[in-house]
Enquirer: 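I'd like to ask you about the structure that follows.
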Amino acid sequence: MSKNNTIFKLGLFSALFGGVYAFSNYIYKITSIPHQHSDGDADFDKLITDGRYFIRNNPDRQDMYIESIDQLKLHASFIPAKEKTNKYVILIHGIWDNHESNGIYAKHYLEKGLNVLLPDLRGFGKSEGKYIGYGLDDRLDIMEWIYWIIKRDPQAKIILHGMSMGAATTLMTTGEKLPDNVKAAIADSSYSTLREQFASTYKSFKGSFVPIPIAIAIARAVILIRSGYDINDASPIKAVASSSTPTLFIHGDDDTFIDPHMCSRLYEAASCPKQYCMILGAGHIESVVKDPENYWKKISEFLTKIEF
């Protein structure tokens, strides 16, 4: 009887361990392994697709490369303005995509006479990297791109403009000590903390049978072990509390992926000069196509106020 009981316990332990291992692999796969965007992946609006081809086929586009502090080769497309200027925008894309997704924004800024830099975040596009950094590691990469611009143009005036995960990256970058060349930041649809966003996203999964606290604990552990960072440290809301960079917070009120209330909380927590814009009827990062007139008007007014 004792032997049978021992075998049962061993079997139960093996099944439990195997289940946790399988679940942790599943969690890591869906949260941390980059998925490269292809032309077969549909965009949510034709204008986004048009923007991709605007970047890809732009005759002035140049491929640029730098090395991250952990020796990854990082890529960006650089498109200079038609007329020489010391004004630059760094456009930062969201998850599951690459720099071409920001073509719609690049086109606007180029028409306004700015130089445009479009980095591929680590693990996406032509940038090296085996895991998604969710803005935490990426903030350091964006700082490298900032210094890349300043090295070329010491008089550069730079704005950061990020969407979704790129918005979180933007905000976490402003939480660092930045050179005076960085004049402003625009965060479109950022999450407040990665932990909260993971919990919200996991809750929406069909068949998510593991309780949320346990699922998040497993995600935190496996990402720490395999990617080397703590998801609790990916906190835009903490970063903005120490930011001095003038920041415009934008969100669509119909966003079902990242809760619009996160934008309100980010705005309230920010210690920097700040403005807030909620675009009515826009889903996740849809503001630029749902209400482009209001979207660009708010950005123009914001940049005018900071005398950019």
Enquirer: Do Ile250 and Ile279 touch side chain to side chain, with heavy atoms closer than 4.5 Å?
Expert: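 Yes - at least one pair of side-chain heavy atoms lies under 4.5 Å apart.
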Enquirer: Would you give me the side-chain donor-acceptor pairs under 3.5 Å for residues 102-111, sequence neighbours excluded?
Expert:
from	atom 1	to	atom 2	distance (Å)
Tyr109	OH	His161	ND1	2.8

Enquirer: Mind checking what makes salt bridge (Lys or Arg N to Asp or Glu O under 4.0 Å) contact with Asp233, not counting sequence neighbours?
Expert: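 Counting only residues at least two positions away or on another chain, Asp233 forms no salt bridge (Lys or Arg N to Asp or Glu O under 4.0 Å).
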Enquirer: Report yes or no: is the cationic atom of Lys274 (NZ for Lys, CZ for Arg) under 6.0 Å from the centre of the six-membered ring of Tyr267, at an angle within 45° of the ring normal?
Expert: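 Flagged: Lys274 positioned over aromatic ring of Tyr267.
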Enquirer: Please enumerate all residues that pass salt bridge (Lys or Arg N to Asp or Glu O under 4.0 Å) together with Asp180, with sequence neighbours excluded.
Expert: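 Expected list: none.
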Enquirer: Are Tyr88 and Val182 connected into the same hydrophobic cluster when the rule is that any two of I, L, V, M, F, W, Y join if their side-chain heavy atoms are below 4.5 Å apart?
Expert: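 Linked, Val182 and Tyr88 end up in one cluster.
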Enquirer: Sequence neighbours left out, what pairs pass salt bridge (Lys or Arg N to Asp or Glu O under 4.0 Å) with at least one residue falling in residues 235-256?
Expert: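 Passing the test, one end in residues 235-256: no pairs.
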Enquirer: Filter on salt bridge (Lys or Arg N to Asp or Glu O under 4.0 Å), then keep only pairs touching residues 188-201, sequence neighbours left out; what's left?
Expert: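 Of all non-adjacent pairs touching residues 188-201, those that pass salt bridge (Lys or Arg N to Asp or Glu O under 4.0 Å) are Glu196-Arg265.
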Enquirer: Among all residues two or more places apart in sequence or in another chain, which pass the side-chain contact (heavy atoms from CB on, under 4.5 Å) test with Ala239?
Expert: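 Ala239 satisfies side-chain contact (heavy atoms from CB on, under 4.5 Å) with Met172 only.
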Enquirer: For residues 136-152, which side-chain N or O atoms pair as donor and acceptor with protein atoms under 3.5 Å away, sequence neighbours left out?
Expert:
from	atom 1	to	atom 2	distance (Å)
Asp137	OD2	Tyr131	OH	2.5
Asp138	OD2	Tyr134	N	3.4
Asp138	OD2	Gly135	N	2.8
Arg139	NE	Glu176	OE2	2.9
Arg139	NH1	Leu136	O	2.3
Asp141	OD1	Arg122	NH2	3.1
Asp141	OD2	Arg122	NE	2.8
Asp141	OD2	Arg122	NH2	3.3

Enquirer: Can you list the residues that meet the salt bridge (Lys or Arg N to Asp or Glu O under 4.0 Å) rule with Asp230, with sequence neighbours excluded?
Expert: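 Scan of Asp230 (salt bridge (Lys or Arg N to Asp or Glu O under 4.0 Å), adjacent residues dropped) gives Arg220.
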Enquirer: Let me have the donor-acceptor pairs involving side chains of residues 209-216, under 3.5 Å, with sequence neighbours excluded, atom names and distances please.
Expert:
none

Enquirer: Can you list the residues that meet the side-chain contact (heavy atoms from CB on, under 4.5 Å) rule with Ser127, with sequence neighbours excluded?
Expert: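 Testing Ser127 for side-chain contact (heavy atoms from CB on, under 4.5 Å), a comparison that skips the adjacent residues, returns Leu74, His75, Asp120.
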Enquirer: Taking only residues two or more places apart in sequence, or in another chain, which ones meet Lys84 in a salt bridge (Lys or Arg N to Asp or Glu O under 4.0 Å)?
Expert: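 With sequence neighbours excluded, Lys84 shows a salt bridge (Lys or Arg N to Asp or Glu O under 4.0 Å) to no residue whatsoever.
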Enquirer: Check each of Arg52, Met163, Met165 against Asp97 using the side-chain contact (heavy atoms from CB on, under 4.5 Å) test, and report the only one that passes.
Expert: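 Among the candidates, only Arg52 passes.
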Enquirer: Quick one: which residue pairs count as a salt bridge (Lys or Arg N to Asp or Glu O under 4.0 Å) with a foot in residues 298-308, not counting sequence neighbours?
Expert: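 Output for this query is empty, none listed.
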